[in-house]
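Let me begin by presenting the structure, written as structure tokens, before commenting on it.
Heavy atoms only: backbone and side chains are in, while hydrogens, waters and symmetry mates are out. Just so you know, ligand 1 is whichever comes first in the structure, and atom 1 is the first atom listed for that ligand.
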Amino acid sequence: MEDEGAGGDRSSFVIGVIENRAKEVGMAAFDLRSASLHLSQYIETSCSYQNTKTLFLFYDPMIIIVPPIKLAPDGMVGVSELVDKHYPSNRKITVSRSYFDDTKGAVLVKILAAKEPSALGLDTYQKQYYLCLAAAAATIKWIEAEKGIVVTNHSLTVTFNGSFDHMNIDSTSVQNLEIIDPLCSGVWGTNNKKRSLFQMLKTTKTFGGGRLLRANLLQPLKDIDTINARLDCLDELMSNEELFFGLVQVLRKFPKETDKVLCHFCFKTTKATGEVVKPANGRKSQIMIANIIILKSALDALPLLSKVLKNAKSDLLCNIYKSICDNDKYTKIRKRIGDVIDEDAVHARAPFVACTQHCFAIKAGVDGLLDVARRSFCDTSEAIYDLANKYREEFNLPKLKIPFNNRQGFYFSFPQRDIQGKLPDKFIQVMRNGKNIHCSSFELTSLNVRNKSASAECFIRTEACLEGLIDAIREDISLLTLLAEILCLLDMIVNSFAHMISTKPLGSYSRPEFTESGPMAIDAGRHPILESLHNDFIPNNLFLSEASNMVIVMGPNMSGKSTYLQQVCLLIILAQIGCYIPARFASLRVVDRIFTRIGRGDNIESNSSTFMNEMRETSFLMQNVSPRSLIVMDELGRSTSSSDGLAIAWSCCEHLLPLKAYTIFTTHMEALSEMAAIYPNVKVLHFTVDLRNNRLDFKFHLKDGSKHVPHYGLLLAGVAGLPSSVVKTAKDITARITEKDSKRMNINSEQYHSIQMNYRLAQRLICLKYSSQSEDDIRQALENLKDSYKEGRLTS
Ligand SMILES: Nc1ncnc2c1ncn2[C@@H]1O[C@H](COP(=O)(O)OP(=O)(O)OP(=O)(O)O)[C@@H](O)[C@H]1O
């Protein structure tokens with residue numbers, strides 16, 4: 001099959017998408033490369049279609065199939081318009097609504113899926129999940145009609161709502177966090193050298209490995225066991241050099257395209273019906289041979305992989321060994337190929353060499369008619385070379401060559417200057433090509449026809465032999481898809497994760513620990529990308545727990561707040577794809593959604609649209625937040641009036657506080673630090689800045705409590721050239737306002753002091769209850785706690 005998704009990194013997804021009036025969307029994403037179908041059905045919670053956009057970003061489709069536009073109800077733009085807005089028109093295909101037939105979709109999934117629909121949780125699918133099944137019907141029908149592919153029964157990997165089994169990062173957050181592409185603007189204090197997390201990790205060697213890495217970064221894992229299995233494997237690779245380097249070497253032996261080729265055994269090309277049968281040009285059998293040769297090379301590399309993995313200890317590597325190395329079914333497939341394909345067959349590019357390779361790819365004796373056709377092919381090829389020799393002598397043309405191209409077959413080529421006088425009449429179809437003459441003769445034309453028909457016969461026979469072989473290989477299609485999956489996973493873990501860690505100073509990356517509902521604690525975490533751009537990057541800590549689920553980070557401009565937010569998110573993503581992280585220690589609660597609300601510099605949009613955008617993103621966040629979400633908000637409310645901004649920031653914090661989600665909030669608004677006086681589960685931190693000789697010296701150290709940097713705004717205003725009298729008046733005004741504020745804060749702090757103390761006492765008692773210390777130690781700790789409480793010394 002000649003497919004568009006063949007080339008390297010290009011997307012290979014065809015997506016069908018449909019919605020109903022209840023804002024429910026059904027999506028079917030068909031991957032032509034890995035022969036898999038991903039079905040999703042969900043309620044679209046925002047009128048900007050965040051969930052759909054996130055899935056589009058994830059699949060990066062080459063084609064999106066939609067039904068014709070219907071009048072969009074209540075402000076929803078409609079998926080079709082969404083596609084128009086965000087994707088170039090050549091990617092959108094509108095097909096009749098009759099293509100979106102859920103009953104047909106259900107039947108197709110049942111027939112094509114490798115697993116029973118009940119195993120996918122789709123047994124009651126038809127009623128509940130009719131939208132994604134309708135999308136599946138349209139997608140498969142389009143692929144059959146336009147790509148000429150028929151999927152082999154029971155060969156397709158079908159997943160249902162796969163994306164929701166993983167951490168969900170909405171498309172805006174993917175951009176804000178620079179997961180796939182770096183932002184051009186200086187939102188995070190970027191400079192031109194800054195790369196995205198994907199670019200940093202993309203040292204994978206195969207296309208499939210690179211695509212798996214991208215998919216993992218966009219949808220990190222949620223299952224602790226799977227994450228730990230990958231981390232155990234990394235532990236082993238980091239402690240066993242021989243295994244690590246052995247794997248690096250052996251993975252190079254597998255052809256780059258293995259994953260694509262293995263999965264393509266799932267597809268059959270449709271037989272042309274009612275069409276004038278075209279002469280066999282061998283394209284189809286050439287692709288089939290190329291695919292089989294790649295499969296043969298991959299199977300030949302398997303014993304080497306077995307050798308390297310034989311003594312591996314981690315579960316993941318042991319399972320890989322058991323499932324693909326210690327499985328004689330792969331040897332049987334290899335033998336089957338060896339019975340039909342010549343051992344020396346290789347994939348050649350030069351047209352005639354490729355054509356000859358192709359005619360001789362099947363072993364002699366496999367098909368008698370093929371052997372006869374080959375003899376005729378050899379005879380005519382020989383006769384053509386003899387003819388060329390004859391002409392060389394007869395016309396005194398020692399430099400006469402006999403090149404070949406697929407369109408005209410053989411032709412003569414010789415330098416024009418070798419012709420003295422008139423060109424002999426024997427030569428026909430004369431053409432000048434630079435300093436050479438290209439031509440033919442009646443004898444050559446007739447030999448060409450015979451040679452072409454002999455090769456066409458070879459191709460037809462070869463195709464028939466290969467179809468038989470491929471049908472036999474297809475019986476074990478699940479083995480091939482498993483091999484493809486494993487090679488991609490190994491490529492990602494070995495060539496990306498382990499490689500990256502091995503290039504960093506020893507001990508600078510550590511293995512994160514995971515708990516179901518524990519705190520999120522990071523000790524000396526660093527920004528994975530910026531740390532390599534700053535020689536003296538300052539590490540910082542994070543502590544969030546159910547009893548202290550909100551952190552408010554304060555600090556003047558340029559103190560490092562946005563970098564810190566991005567750092568925390570990137571560390572969590574790295575940890576949840578099963579990689580070590582740049583930190584001294586980390587214990588994490590699995591995050592199921594990351595929400596980011598990042599103010600994009602004031603230069604991008606007008607104030608009102610920035611504010612509207614901010615509110616839209618905040619409302620999406622509030623509607624979708626889950627108990628295990630991580631929310632990072634950068635200066636919410638700064639794009640409106642200061643009183644409204646503070647009110648919005650305060651009320652958003654109050655809305656998020658009772659939830660179990662963890663929130664990190666950065667702000668310039670000092671009044672927001674009062675939240676910590678009132679709510680015991682809020683913690684205020686600040687970035688230290690020194691004020692020396694009227695200059696701000698940024699330390700990038702995160703410290704407890706709020707710290708007022710006196711008049712840093714006025715300081716910057718002075719530096720910017722505002723008259724000193726204006727700056728002085730501004731200082732007087734701000735001093736009066738701050739005096740009032742600090743009085744109010746002191747009153748609040750006294751008023752809520754006892755509640756704070758009681759809360760902290762309860763927190764400590766809970767910790768002691770679950771502590772594994774001895775009875776005596778606990779008794780002593782209780783005594784100490786009593787004293788601290790009496791003296792009002794309990795700090796958060
Ligand atoms: N921990 C750190 N160590 C070293 N340099 C840092 C650190 N954190 C941030 N920086 C550098 O400081 C600069 C400013 O950081 P950042 O943009 O995060 O500040 P900010 O407080 O968010 O500023 P603003 O409020 O203006 O958005 C960046 O160029 C970044 O490279």
My understanding is that only residues two or more places apart in sequence, or in another chain, count here; which of them pass salt bridge (Lys or Arg N to Asp or Glu O under 4.0 Å) with Asp536?
none

Polar contact flag, side-chain donor to acceptor under 3.5 angstrom, Glu654-Tyr679
yes

Residues Tyr42 and Thr52: side-chain donor-acceptor under 3.5 angstrom:
yes

Heavy-atom contact under 4.0 Å between [X] and ligand 1?
X: Gln566; answer: no
X: Ser559; answer: yes
X: Pro539; answer: no
X: Gln567; answer: no

With no hydrogens and no angle check, is any side-chain donor or acceptor of Ser651 less than 3.5 Å from a backbone partner on Ala647?
yes

Main-chain N/O of Asn549 paired to Lys660 side chain as donor or acceptor, under 3.5 Å:
no

Tell me whether Leu530 has any N or O atom under 3.5 angstrom from an N or O of ligand 1.
no

Checking heavy-atom distances from atom 20 (P) of ligand 1 to each of Met554, His527, Lys561, the winner is Lys561

Report the part of Arg526 (side chain from C-beta onward, or backbone N, CA, C, O) that has a heavy atom under 4.0 Å from ligand 1; answer both or neither where that applies.
neither

